Colleague: 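My structure is below; once you've seen it, I'll send some questions.
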Protein chains: 2
Amino acid sequence: MEEPEDYVLEDQVGHLLRRAYQRHLALFQGIMGEDGPTSMQFAALHMLWRRGPLSQNLLGRLLAMDPPTVKGVVARLMARGLVVRERDPSDARMLLVALTPVALAALPGWVEKAKAVSAATLAPLPRDEAARLSAILRRMG
Amino acid sequence: MEEPEDYVLEDQVGHLLRRAYQRHLALFQGIMGEDGPTSMQFAALHMLWRRGPLSQNLLGRLLAMDPPTVKGVVARLMARGLVVRERDPSDARMLLVALTPVALAALPGWVEKAKAVSAATLAPLPRDEAARLSAILRRMG
DNA sequence: GGCATTTCGTTTCTAGGCTTACGAAACGCC
DNA sequence: GGCGTTTCGTAAGCCTAGAAACGAAATGCC
């Protein structure tokens, strides 16, 4: 079959998902600004805010990140002074990750910006379609 | 405001998009198998199939990839013998990327698998929602 | 014809993301 | 109590992705 035309890349879900996520990341970066956290760094910080200190492993599961990926994100957060790591006294395998006061002070502002990012990502859609998109994506998970 | 609860990560579009794309990539890799192309490698190959030899830059624009990213993808395709690069005789700035016979022989099978990937990605959705998802994502681009 | 601008490719840096493999610690079961 | 299994973290390697900065080549405009 010499007909490439019945598979058009631009129409494939994968490509559309990639483009949409790509655009979302660009919006995130633009709204958070130069010295703000990246998308995944913010996700980790916010999860620690909601749940308190967590092991790297659990943090990763909650955020859908592999252990090696979590390690990288936490290392960069540590380098920026937003997070500290301590051995769990009750289980020496675990490294508990906890927010620093610096992170606690910055988080409320960042959460507001994160809300703006979500709004900007959905901005091209009428309200009912935004809701439908969320429902569909959740079902695909 | 000490209330993290009004921003729930799992409900944000960005997170849902990331999860969906993550799942898609896993399906792609699983269906293509060990020695198949990656998602972006396949996208590049298929675009070259449809359009003939292209400069790296144009290829990147068609696929929504930055120049450094294209360079890496093309380098890996070249290392696998699927692609060759030649200077454009009419414009010495351009490196024309072209498929090799190996790639031409493999492409029909890979396209079939790529169709299976799209189907698998959409499998959890009823047919009308799959169509709606595509329409919504396209509008967000 | 000559100079500013644009385009193309590259390099380097930072970041995320996955795979495979491995060591250390804890747990479960006997 | 001891041994196998599971869990946690780490390491190294590959791939995608973007920013910034640069050289080289072509184009456009004067």
Side-chain angles (χ1 to χ4, degrees), chain A residues 14-15 17-30 32-44 54-80 85-97, chain B residues 14-15 17-30 32-44 53-80 82 85-97:
Chain A
H15 187 254
L17 285 171
R18 174 172 161 274
R19 292 294 309 272
Y21 184 52
Q22 203 177 36
R23 172 171 165 276
H24 165 77
L25 288 180
L27 289 169
F28 195 100
Q29 190 171 349
M32 280 294 175
E34 289 296 319
D35 49 345
T38 66
S39 164
M40 295 315 297
Q41 287 172 9
F42 172 75
L54 298 171
S55 75
Q56 285 190 176
N57 206 286
L58 178 54
L59 178 59
R61 279 200 305 276
L62 292 171
L63 299 175
M65 280 197 271
D66 274 26
T69 304
V70 180
K71 182 180 159 42
V73 172
V74 169
R76 284 180 284 273
L77 287 173
M78 220 167 19
R80 298 178 59 172
R85 289 194 319 187
E86 297 163 2
R87 285 259 162 231
D88 184 334
S90 72
D91 186 339
R93 293 172 304 180
M94 294 194 194
L95 280 175
L96 291 180
V97 183
Chain B
H15 187 254
L17 285 171
R18 174 172 162 274
R19 290 294 308 272
Y21 184 52
Q22 201 177 40
R23 171 171 165 276
H24 165 77
L25 287 180
L27 289 169
F28 195 100
Q29 190 170 350
M32 281 294 175
E34 289 295 321
D35 49 346
T38 66
S39 164
M40 294 316 295
Q41 286 171 9
F42 172 75
L54 298 171
S55 75
Q56 285 191 177
N57 206 286
L58 178 54
L59 179 59
R61 279 200 306 275
L62 292 171
L63 299 175
M65 280 197 272
D66 274 25
T69 304
V70 180
K71 181 181 161 40
V73 172
V74 169
R76 284 179 285 273
L77 287 172
M78 218 165 20
R80 297 178 60 172
L82 296 171
R85 290 193 318 187
E86 297 163 3
R87 284 261 163 227
D88 184 333
S90 72
D91 187 338
R93 295 170 304 178
M94 295 195 194
L95 280 174
L96 291 180
V97 183

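Every value quoted in this text rests on a predicted model; they were computed, and no experiment measured them. Computed over heavy atoms, backbone and side chain alike; hydrogens, waters and symmetry mates excluded.
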Colleague: For B/Arg61, give me all partners under side chain to side chain contact (heavy atoms under 4.5 Å, CB included), at least two apart in sequence or on another chain.
Modeller: B/Asn57, B/Leu58

Colleague: If you walk 5' to 3' along DNA chain D, what is the first nucleotide with an atom under 4.0 Å of a heavy atom in chain B, and what is the last?
Modeller: D/dC15 to D/dA26

Colleague: Please work out if A/Thr38 contacts a base, only the sugar-phosphate, or nothing of the nucleic acid, heavy-atom cut-off 4.0 Å.
Modeller: sugar-phosphate

Colleague: Under a 3.5 Å distance rule, please check whether B/Arg18 uses its side chain to pair with a backbone N or O of A/Ala64 as donor and acceptor.
Modeller: yes

Colleague: Just the rounded figure in Å: distance from C1' of C/dG16 to CZ of A/Arg76.
Modeller: 7 Å

Colleague: C/dA15, C/dG17, C/dT7: which one has an atom nearest the side-chain heavy atoms of A/Gln41?
Modeller: C/dA15

Colleague: Contact class for B/Ser55 (heavy atom, under 4.0 Å): base, sugar-phosphate, or nothing?
Modeller: sugar-phosphate

Colleague: Rounded to whole angstrom units, what separation is found between the CG atom of B/Leu25 and the P atom of C/dG16?
Modeller: 17 Å

Colleague: Start at the 5' end of DNA chain C and walk down; is the nucleotide closest to A/Asp66 or to A/Ala92 reached first?
Modeller: A/Asp66

Colleague: Rounded to the Å, how far apart are A/Phe42 CZ and C/dG16 P?
Modeller: 14 Å

Colleague: Side chain to side chain contact (heavy atoms under 4.5 Å, CB included) between B/Leu59 and B/Val74: does it pass, once the steps are laid out?
Modeller: CA-CA 10 Å; B/Leu59 179 59; B/Val74 169; 4.2 Å; yes

Colleague: Does the side chain of B/Arg61 get closer than 4.0 angstrom to OP1 or OP2 of C/dC8 through an N or O atom?
Modeller: yes

Colleague: Pick the closest DNA chain D nucleotide for A/Gln56 and for B/Val73 by heavy atoms, then say which residue is nearer the 5' end.
Modeller: A/Gln56

Colleague: Respond yes when some side-chain nitrogen or oxygen of B/Arg18 is under 4.0 Å from OP1 or OP2 of C/dG17, and no when none is.
Modeller: yes

Colleague: Given B/Leu95 and B/Glu86, is the side chain to side chain contact (heavy atoms under 4.5 Å, CB included) satisfied, shown in steps?
Modeller: CA-CA 5 Å; B/Leu95 280 174; B/Glu86 297 163 3; over 6 Å; no

Colleague: Looking across every strand, which nucleic acid part, if any, lies under 4.0 Å from A/Val70 by heavy atom: base, sugar-phosphate, or nothing?
Modeller: nothing

Colleague: Whole angstroms only, please: what is the CG-P distance between B/Asp91 and C/dT7?
Modeller: 12 Å

Colleague: For the pair made of CE in B/Met78 and P in C/dG9, what is the distance, rounded to whole Å?
Modeller: 12 Å

Colleague: CD of B/Gln29 versus C1' of C/dC18: gap in Å, rounded?
Modeller: 7 Å

Colleague: Figure out the CG/C1' separation between B/Leu96 and C/dT7, and round it to whole Å.
Modeller: 14 Å

Colleague: Looking at CG of B/Leu25 and CE of B/Met40, how far apart are the two atoms once the value is rounded to the nearest 0.5 Å?
Modeller: 9.5 Å

Colleague: Write down the atom of B/Phe28, the atom of B/Thr38, and the distance for their closest heavy-atom approach.
Modeller: CE2-C, 3.5 Å

Colleague: Hey, does B/Arg85 reach any base, or is it just sugar-phosphate, or nothing, if we go heavy atoms under 4.0 Å?
Modeller: sugar-phosphate

Colleague: For B/His15 and A/Leu63, which heavy atoms make the closest approach, and how far apart are they?
Modeller: NE2-O, 3.9 Å

Colleague: Is B/Arg85 reaching over with its side chain to a backbone N or O of B/Gln56, donor-acceptor style, under 3.5 angstrom?
Modeller: no

Colleague: Counting only side-chain nitrogens and oxygens, does B/Gln22 get under 4.0 Å of the OP1 or OP2 atom of C/dG16?
Modeller: no

Colleague: On DNA chain C, compare the nucleotides closest to A/Ala64 and B/Pro67; which residue's is nearer the 5' end?
Modeller: B/Pro67

Colleague: To the nearest Å, how far apart are B/Met94 CE and C/dT6 P?
Modeller: 17 Å

